[in-house]
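Heads up, the thing below is written out as structure tokens.
Chain A is the first sequence line, chain B the second, and so forth, proteins listed ahead of strands; every chain is numbered from 1.
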Amino acid sequence: MNRRDFLKGLAATSYVTLSGASVLAPLNALASTGANANDGWLTTGSHFGAFKMKRKNGVIDQVIPFDRDQYPTDMINGIKGLVYNPSRVRYPMVRLDFLLNGHKSDTSQRGDFRFVRVTWDKALSLFKDSLDEVQTKYGPSGLHAGQTGWRATGQLHSCTSHMQRAVGMHGNFIKKIGDYSTGAGQTIMPYVLGSTEVYAQGTSWPLILQESNTIILWSNDPYKNLQVGWNAETHESFAYLAQLKEKVKQGKIRVISIDPVVTKTQKYLGCEQLYVNPQTDVALMLGIAHEMVSQNLHDKSFIEGYSLGFDQFLPYLMGESDGVPKTPEWASKICGVSQEIIRDLAKVMTAGRTQIMMGWCIQRQQHGEQPYWMAAVLATMIGQIGLPGGGISYGHHYSGIGVPSSGAAAPGAFPRNLDEGQKPLFDNNDFKGASSTIPVARWIDAILEPGKTIEANGSKVTYPDIKMMVFSGNNPWNHHQDRNRMKRAFHKLECVVTIDTNWTATCRFSDIVLPACTTFERNDLDVYGSYANRGILAMQKMVEPLYESLSDFEIFTRFATLMGKGEQYTRGMSEFDWLKKLYNDCKADNDGNFAMPDFDTFWQQGYVHFGEGEPWTRHADFRDDPEINPLGTPSGLIEIFSRKIAQFNYDDCPGHPTWIEKTERSHGGPGSDKHPIWLQSCHPDHRLHSQMCESEQYRATYTVQGREPVFLNPLDAKQRGIKDGDIVRVFNDRGQLLAGAVVSNRFPQGIVRIQEGAWYGPVGKDGSKQGGNEIGALCSYGDPNTLTQDIGTSKLAQACSAYTCLVEFERYQGKVPEVSSFSGPIETLI
Amino acid sequence: MSHSNAHDNSINQGRAMVYRLLSALFAKEVDQPLLHELTSAQAQAFLAQLASDPLLGTDVAKINAVLLGLTTDKALLELAADYCGLFLVGTKHSASPYASLYMASNKQDGDEVLLFGEQHQQMLDHLEQSQLQVQSEFPEPADHLAVILAYVAHQANRVNSATQLAFINDYLNSWLATFSDKVGQCDNGQFYTALANLTTHWVKSDCETLAASQSH
């Protein structure tokens with residue numbers, strides 16, 4: 001048969017091939033996805049800042065900083081990579097075995113990643129069926145929908161609000177208290193200074209620059225962390241850091257970075273570093289305090305007038321209560337800082353105006369409450385709390401804290417809770433004796449040990465028996481500790497639902513995965529500057545939601561409609577109705593104080609400016625009159641000794657700041673004979689937690705052989721035969737990972753840094769593709785939480801202790817696996 | 001669209017039918033309606049005719065054997081999971097069906113390019129010139145293999161051989177073999193490996209047909 005006859009023979013069968021299912025259609029000029037009609041510049045924003053984006057031929061072509069942003073982060077280069085990322089969740093997906101067997105599926109397969117596509121209708125009804133089953137069989141204690149995180153920006157589409165309102169309309173569920181970033185800090189500080197402090201506006205930078213003689217950056221790296229913000233970040237803080245750099249250069253302000261490593265900020269400012277052994281800051285602080293008392297340097301009248309409990313603390317400090325005077329000599333042996341320097345610090349800190357600026361990492365360790373409390377005691381002894389350029393702050397590295405606020409009212413948000421009078425479908429509040437709220441980082445404990453009762457912040461918490469988890473815009477397979485422990489826990493869950501834009505590890509360990517669109521595929525608005533409230537930013541949709549992704553508003557409107565509660569959910573308002581309402585409510589709140597145009601004008605212009613703010617001093621009102629303006633502590637004063645905490649009778653958080661040894665500590669501490677290296681997993685320089693790790697081309701600007709960098713000391717590296725650029729295996733008894741060596745003398749011996757937010761990519765123990773779902777798997781990319789310890793900080797906060805972690809490392813000589821983190825689900829079951 | 005077009009003959013009809021079938025199988029999972037259609041007498045006759053080409057016979061037989069074995073919903077779902085793992089998630093450990101991932105001029109070893117890029121735009125231009133667009137129910141970049149194959153089917157009856165050949169050379173031949181190898185590496189079953197092979201072999205022989213018709 002010749003070719004012509006063969007082809008004619010095909011035609012002769014008259015097989016009409018799926019003509020109705022062609023992927024092509026006649027061009028419809030109006031509906032064309034390639035339409036150029038809307039091309040041009042639009043305004044939007046994100047955690048990474050505000051932008052102008054240019055749309056060309058229907059796709060995002062250029063992203064440039066908003067014209068008010070004088071210090072944009074280079075993470076702007078990763079934005080397009082978030083939208084057009086190859087690992088987008090494109091369609092609703094269900095794990096195959098879950099689709100076949102529902103709540104009786106083989107959960108040990110979770111992580112073997114065999115999924116199928118389903119329609120939205122099917123996915124949402126499976127979601128609802130699962131909620132029905134859990135509420136019916138177990139009640140609200142079987143459902144945890146309270147693990148929430150950094151979401152994407154936008155007051156209307158905030159994914160946490162949508163998920164919790166919609167799931168809350170179905171039934172009640174377990175919620176969290178606290179967060180991973182500041183769990184210990186935000187629990188201890190209300191006892192000490194009367195507020196969380198970590199999320200409070202701080203003394204304005206102009207006053208600090210004017211008044212401070214000395215700034216102590218204690219475990220604090222603002223130049224790194226201020227690149228991102230909770231709302232669209234203005235980056236105004238960087239102008240003040242530039243002024244500080246100049247003052248350091250001129251010798252007008254002395255800045256001392258107390259930190260085991262040379263931070264990005266220290267490098268930028270060109271300031272001093274004081275090395276301290278990891279996790280020993282409390283010992284150093286006690287040594288300084290002892291010297292202040294010994295040399296009579298402390299401000300006795302401030303202590304007398306503004307604080308409570310110094311008398312109960314003093315016997316401990318001087319060693320009268322435990323036989324161990326906390327002298328500089330004593331401290332030096334623990335913290336590695338010489339006695340002379342400790343003595344000098346006591347003088348320096350009390351000599352002029354001293355502003356102490358605490359970072360957050362230091363409280364993400366076992367007994368993380370102590371350094372925050374003890375630092376407040378030091379500041380009290382210095383006696384400058386409430387003075388401009390003096391005292392202590394716990395957030396100058398976060399979301400523009402310290403930039404003067406405009407004073408304008410910020411826009412509200414889509415409601416997270418049910419409206420008054422609304423009842424959930426399953427109106428059941430019987431948590432069967434379990435706590436309905438658990439400390440944020442203890443959920444894996446709860447899954448593994450349901451029914452167990454623990455101490456937490458003066459209460460008893462009884463772990464619920466969690467059967468189902470719902471996550472939205474939240475990636476606990478990044479931020480929680482100890483991946484192998486998480487795997488064990490996830491084997492116990494009956495159903496896991498995740499809503500996200502990209503295939504995070506959390507999606508991969510789920511049963512139902514729903515595709516949300518990115519920030520740039522929906523209309524929204526945001527406050528410009530979380531604390532500055534500099535203005536209101538329009539977030540104009542750049543492109544329609546890609547693939548079958550939907551906005552959070554649309555996803556949960558559909559879900560609520562499935563429950564017959566669509567109208568209740570949206571209050572009968574569309575996306576734009578809501579935007580107008582949020583804007584107009586804000587306009588009314590600001591009426592007479594801040595002029596705002598009508599909504600249409602605002603939307604067209606893309607921004608409303610509220611103007612600059614006035615400098616302000618934290619705790620000045622308290623200093624002015626502590627009786628009229630008391631702190632929020634039980635006594636209204638700074639509590640150096642807390643009667644309340646003492647009454648809890650916790651061995652790991654007594655009534656005053658105390659040096660307590662850790663379960664793991666480097667530089668001669670417990671466990672260092674076996675795994676001598678301290679792993680520091682700080683917030684990343686080029687991401688917001690795990691957000692933007694997926695942005696391929698941007699990630700390539702910092703990876704080493706495609707892996708997350710592990711920063712190593714040159715001598716440590718040399719001793720192990722490691723060169724810059726090698727692949728390194730980092731390990732301990734909890735897990736193992738591969739990372740790319742960056743050898744740098746910014747990192748002292750005995751310390752490695754792997755920044756958190758590195759996406760988990762498990763492969764077989766020996767580097768083979770199969771076996772990623774197994775306990776002991778190797779992380780192919782370098783997620784530090786493969787190695788970290790999943791223990792509470794103390795019985796007080798029960799917060800995350802990621803910084804109490806020892807490891808060892810070696811040059812990796814095994815089979816080098818491909819990185820599996822960014823590829824969506826991969827079948828790895830052996 | 002002109003049905004009196006000189007290119008509209010039964011030979012090109014036959015060619016277009018093959019391209020349409022391949023496009024349909026890459027466009028989505030085999031579901032019950034599609035399975036029903038593929039196992040109908042007409043379709044079976046078509047597949048038998050296709051299998052009569054020795055170059056294509058083995059793969060057509062494999063595909064048909066899988067189709068005829070899809071007698072339970074579970075079997076269909078298993079095949080859908082193969083499809084999902086290959087074409088719907090990620091790109092590194094799957095065989096994403098986007099030309100851009102294989103063709104991008106700036107692609108470096110180990111790097112991935114973004115979707116909706118250069119090849120997507122070029123395909124949009126081609127479609128627009130032909131008064132076509134990607135169906136709204138198929139929300140994929142225009143450089144998806146199913147779109148390219150459907151466009152070749154569309155061209156078969158409408159433009160001359162040289163134009164067709166040039167398009168196939170630019171948009172299929174440059175990456176199809178690499179794609180097919182990737183499917184072979186990543187496929188858990190046999191169906192899509194056979195389909196990718198069939199596509200490669202079919203396009204190769206079709207190019208020969210087009211080249212021969214040009215020289216006439």
Side-chain angles (χ1 to χ4, degrees), chain A residues 1 3-4 6-19 21-28 31-34 57-59 80-81 83-91 93 96 99-100 113-117 503 546-548 696-697 700 706 769 818-820 822-827, chain B residues 10-11 13-15 17-18 20-21 23-24 27-29 34 37 42-43 45-46 49-50 52-53 74 77-78 80-81 84-85 88-94 96 101 110-112 114-117 120-121 124 127-128 131-136 138-140 144 146-147 150-151 154 188 209 212:
Chain A
M1 186 165 52
R3 193 76 189 161
R4 292 175 66 85
F6 166 70
L7 294 169
K8 281 181 178 174
L10 286 171
T13 63
S14 305
Y15 169 50
V16 182
T17 317
L18 311 158
S19 49
S22 172
V23 295
L24 298 180
L27 185 66
N28 172 350
S32 169
T33 50
N57 296 330
V59 299
K80 268 174 73 180
V83 180
Y84 299 114
N85 197 283
S87 63
R88 281 284 294 259
V89 183
R90 299 175 201 155
Y91 300 92
M93 301 264 180
L96 177 59
L99 187 64
L100 293 169
F113 316 134
R114 193 155 165 80
F115 281 82
V116 289
R117 164 164 66 178
W503 277 99
L546 296 184
Y547 311 100
E548 279 187 7
E696 294 279 338
Q697 284 148 331
K769 187 182 165 191
E818 280 187 73
V819 171
S820 69
F822 308 102
S823 323
I826 309 167
E827 292 182 40
Chain B
S10 59
I11 289 174
Q13 264 181 38
R15 291 179 50 237
M17 285 158 78
V18 178
R20 274 201 293 270
L21 172 66
S23 170
K28 64 167 188 172
E29 303 86 340
L34 181 56
E37 194 176 304
Q42 264 190 347
F46 179 81
Q49 172 69 8
L50 195 60
S52 69
D53 181 336
K74 183 165 187 293
L77 283 172
E78 289 287 352
C84 182
L88 294 180
V89 291
T91 51
K92 284 199 177 76
H93 300 276
S94 58
S96 286
L101 295 178
D111 281 355
E112 289 201 50
L114 302 181
L115 300 182
F116 291 90
H120 161 76
Q121 293 293 349
L124 283 186
L127 295 177
E128 199 175 340
Q131 293 295 301
L132 291 171
Q133 66 182 36
V134 179
Q135 184 75 258
S136 58
F138 189 73
E140 288 281 338
H144 190 290
V147 175
Y151 188 64
H154 174 85
N188 277 299
T209 308

Check: B:Leu115 and B:Leu101 side chains under 4.5 Å, non-hydrogen atoms: yes

Euclidean distance, A:Leu7 CG relative to B:Arg15 CZ, rounded to 0.5 Å: 7.5 Å

Inter-residue atom distance B:Ser10.OG - A:Arg4.CZ, 0.5 Å rounding: 8.0 Å

Give, as side chain, backbone, both or neither, the part of [X] having an atom under 4.5 angstrom from any heavy atom of chain B.
X        : answer
A:Phe115 : both
A:Arg114 : side chain
A:Val83  : neither

B:Phe116 and B:His120 aromatic ring geometry - parallel, tilted or perpendicular at 30°/60° bounds: perpendicular

Using a cut-off of under 4.5 Å on heavy-atom pairs, state which of A:Gly706, A:Ser14, A:Ser820 scores highest against chain B. A:Ser14

Please check: side-chain N/O of B:His93 versus main-chain N/O of A:Val819, any donor-acceptor pairing under 3.5 Å? yes

Side-chain (A:Ser823) to main-chain (A:Ser87) donor-acceptor, under 3.5 angstrom: no

Most contacts with chain A, counted as non-hydrogen pairs under 4.5 angstrom, among B:Leu77, B:Leu127, B:Val147: B:Leu77

Chain A heavy atoms under 4.5 Å from B:Ser94: which part of the residue, side chain, backbone, both or neither? neither

Under 4.5 Å from any heavy atom of chain A, what part of B:Gln121 do you find: side chain, backbone, both or neither? side chain

